[in-house]
Trainee: 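This is the structure I want to talk about, given as structure tokens.
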There are 2 protein chains.
Amino acid sequence: MTASLPKHDVFQAIADPTRRQLLELLSDQEMPVTVISGHFPMSRTAVSKHLRILADAGLVKDRKVGRETRYRLDPEPLLELKRWLAYYERYWENKLSVLKHLVESDEPNGAAPFPPLTVIERKTTE
Amino acid sequence: MTASLPKHDVFQAIADPTRRQLLELLSDQEMPVTVISGHFPMSRTAVSKHLRILADAGLVKDRKVGRETRYRLDPEPLLELKRWLAYYERYWENKLSVLKHLVESDEPNGAAPFPPLTVIERKTTE
DNA sequence: ACGAAACGAAACCAAAAGGTGTCATAAAGG
DNA sequence: CCTTTATGACACCTTTTGGTTTCGTTTCGT
């Protein structure tokens, strides 16, 4: 167990626009760092750090080829994102039902309008 | 034009685990800030700021009811996320083709192995 | 009319994020 | 060999983020 414990999760990894562009660039083919960083208006080191974060999230894989390290997309962790998103699909599928909900809870201050207070635990840093 | 120019984008908004929990909590029904913050191990103000960020991204809507402000989910911006994700679906649908790609680009240093260097413009802060 | 409740705004703070440049090392290539 | 190339590891800096507390304003309830 404790299988690889990703230090960065997918949500955080894709939050940065540069990293999303990296994923797009690497989706076609694998590339070494120098070539990759040539596509971005920042230092190679900066790009390298972004790649590290993506790797931590499992979104890219690397392999050494001679003196270079080639990176390529691994889309697998995006499945988690897809599953997360799937939960909300039902909400936009019928926005009308949302509207209906709004109208129904019309009373300014209902009797017991809100669910039992369940405190959401702070995820302890693993 | 310049239609509402969201200061925070969806990707950044959902990057924070607390904000994802907020979305989940608000997906069922609308709630005023005090009730919402009762579910989280942090100050009301902190929760309020998270709600602000979600609102900036268009993920929640608020309406004033008396002295309280009730927040509720608006799933619409998640469509952007869904579209972004859709681009990558073809990659995990056939991970085998990715593998094939890898094997084919076997030569240690091919003639012109990488695409023409197109520098990706830094998105100027709007 | 007045105290309490609900909330946003502001000032503040520590830590994380996103950059930079320099350096050490390993592999390639005369 | 000796130089160049590719890269990761550091040390460092600035801005953003996520949190706090305090304060003012509006609305409610009595």
Side-chain angles (χ1 to χ4, degrees), chain A residues 7-22 26 30-57 60-72 107-110 113-114 117 120 122-125, chain B residues 7-9 11-22 26 30-57 60-72 107-110 113-114 117 120-125:
Chain A
K7 193 169 59 186
H8 292 99
D9 61 50
V10 185
F11 293 94
Q12 193 204 341
I14 66 166
D16 186 274
T18 299
R19 288 196 286 270
R20 291 198 297 277
Q21 292 171 340
L22 276 169
L26 295 176
E30 73 178 357
M31 276 182 228
V33 179
T34 308
V35 172
I36 296 172
S37 75
H39 291 257
F40 292 86
M42 66 186 72
S43 72
R44 174 187 55 79
T45 310
V47 171
S48 211
K49 289 210 284 187
H50 281 302
L51 286 170
R52 179 66 183 289
I53 290 171
L54 289 174
D56 279 347
V60 298
K61 297 301 180 198
D62 58 78
R63 63 164 183 147
K64 297 288 294 282
V65 175
R67 61 181 158 183
E68 56 186 31
T69 311
R70 298 193 183 168
Y71 288 86
R72 84 161 18 259
E107 25 188 2
N109 230 341
F114 304 117
L117 192 148
I120 299 173
R122 202 88 190 91
K123 190 135 92 203
T124 57
T125 351
Chain B
K7 194 169 59 186
H8 292 98
D9 61 49
F11 293 94
Q12 194 206 340
I14 65 165
D16 186 274
T18 299
R19 288 196 288 269
R20 290 198 298 277
Q21 291 172 341
L22 277 169
L26 295 176
E30 73 179 357
M31 275 183 229
V33 178
T34 309
V35 173
I36 296 171
S37 76
H39 292 257
F40 293 85
M42 65 187 73
S43 72
R44 173 188 55 80
T45 310
V47 171
S48 211
K49 289 210 285 187
H50 281 302
L51 287 170
R52 179 65 184 287
I53 289 171
L54 289 174
D56 280 347
V60 298
K61 297 301 180 200
D62 59 84
R63 64 165 183 144
K64 297 288 296 279
V65 176
R67 62 181 158 181
E68 56 186 28
T69 311
R70 298 192 183 170
Y71 288 85
R72 83 161 20 258
E107 27 189 0
N109 230 342
F114 304 116
L117 192 149
I120 299 171
E121 282 300 325
R122 201 90 191 89
K123 189 135 92 201
T124 57
T125 352

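Atom set for the values below is all heavy atoms of this structure, side chains included, hydrogens, waters and symmetry mates excluded. In what follows, chains carry the letters A, B, and so on, assigned in the order in which the sequence lines appear, proteins first and then strands, with residues in each chain numbered from 1.
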Trainee: Hey, does A/Thr18 have a side-chain heavy atom less than 4.5 Å from the side chain of A/Met42?
Mentor: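 Contact flag for A/Met42/A/Thr18 side chains = yes.
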
Trainee: Could you list the residues that satisfy side chain to side chain contact (heavy atoms under 4.5 Å, CB included) with A/Ser43, not counting sequence neighbours?
Mentor: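 For A/Ser43, the residues satisfying side chain to side chain contact (heavy atoms under 4.5 Å, CB included) (neighbours in sequence not counted) are A/Thr45, A/Ala46.
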
Trainee: To the nearest Å, give me how far apart CD (A/Glu68) and C1' (C/dG29) are.
Mentor: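 The answer, rounded to whole Å, is 15 Å.
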
Trainee: Between the main-chain N or O of B/Ala13 and the side-chain N or O of B/Arg19, is there a donor-acceptor pair closer than 3.5 Å?
Mentor: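 Here the side-chain-to-backbone pair exists.
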
Trainee: Which nucleotide, if any, forms a Watson-Crick or G-U wobble pair with D/dT30, using both distances under 3.5 Å?
Mentor: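 Pairing partner, where one exists within any strand: C/dA1.
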
Trainee: CZ/B/Arg63 to CZ/B/Arg70 distance, rounded to the nearest 0.5 angstrom?
Mentor: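 Reported value, rounded in 0.5 Å steps: 5.5 Å.
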
Trainee: Send over the distance from B/Met31 CE to C/dA6 C1', rounded to a whole Å.
Mentor: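 Result: 16 Å.
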
Trainee: Return the 5'-most residue of the pair B/Thr34, A/His50 with respect to DNA chain C, ranking by each residue's nearest nucleotide.
Mentor: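 That would be B/Thr34.
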
Trainee: Among C/dG19, C/dC7, C/dA28, which nucleotide sits nearest the side chain of A/Met42?
Mentor: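 Taking heavy atoms from C-beta onward, the closest nucleotide is C/dG19.
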
Trainee: Do the side chains of B/His39 and B/Gln21 get nearer than 4.5 Å, heavy atoms only?
Mentor: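 No, their side chains stay 4.5 Å or more apart.
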
Trainee: Send over the distance from A/Gln21 CD to C/dG18 C1', rounded to a whole Å.
Mentor: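 After rounding, the gap between these two atoms is 15 Å.
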
Trainee: Could you measure the distance from the CZ atom of B/Arg44 to the CG atom of B/Leu51? Nearest 0.5 Å is fine.
Mentor: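 B/Arg44 atom CZ to B/Leu51 atom CG measures 11.0 Å (nearest 0.5 Å).
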
Trainee: In whole angstrom, give the distance that lies between atom CG of A/Asp62 and atom P of D/dA6.
Mentor: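 Interatomic distance, CG of A/Asp62 to P of D/dA6: 17 Å.
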
Trainee: Among D/dT7, D/dT4, C/dC7, which nucleotide sits nearest the side chain of A/Pro32?
Mentor: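 Selected nucleotide: D/dT7.
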
Trainee: At under 4.0 Å, does any side-chain N or O of B/Arg19 touch on OP1 or OP2 of D/dG18?
Mentor: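 Indeed, a polar side-chain atom of B/Arg19 lies that close.
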
Trainee: From D/dT20, C/dT20, D/dA6, pick the nucleotide closest to the side chain of B/Ser43?
Mentor: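 The nucleotide sitting nearest to the side chain is D/dT20.
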
Trainee: Need to verify one output field. Residue with the more 5' nearest nucleotide on DNA chain C, A/Arg67 or A/Ala15?
Mentor: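 With A/Arg67 and A/Ala15 compared, the 5'-side residue is A/Ala15.
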
Trainee: Is there a donor-acceptor contact under 3.5 Å from the side chain of B/Arg20 to the main chain of B/Ile14?
Mentor: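 Looks like yes, one N/O pair under 3.5 Å.
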
Trainee: Check the distance between D/dG18's P and A/Phe11's CZ and give it to me in whole angstrom.
Mentor: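 Atom-to-atom, A/Phe11 to D/dG18, this comes out as 15 Å.
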
Trainee: Looking at A/Gln12, does any N or O in its side chain come under 4.0 Å of the phosphate oxygens OP1/OP2 on C/dA16?
Mentor: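 For A/Gln12, the contact criterion (side-chain N or O under 4.0 Å from OP1 or OP2 of C/dA16) is not met.
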
Trainee: Take the protein atom CG of A/Asp56 and the nucleotide atom P of D/dG8, then report the distance between them rounded to whole Å.
Mentor: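 Whole-Å distance recorded here is 13 Å.
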
Trainee: Any chance you could list the contact pattern along nucleotides 8-13 of chain C? Use B for base contacts, S for sugar-phosphate-only contacts and - for none, protein heavy atoms under 4.0 Å, 5' to 3'.
Mentor: BBB---

Trainee: When the distance from CG of A/Leu54 to C1' of C/dA17 is rounded to whole Å, what number comes out?
Mentor: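 The answer, rounded to whole Å, is 14 Å.
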
Trainee: Could you state the NZ-C1' distance from A/Lys64 to D/dA6, rounded to the nearest angstrom?
Mentor: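 A/Lys64 atom NZ is separated from D/dA6 atom C1' by 9 Å.
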
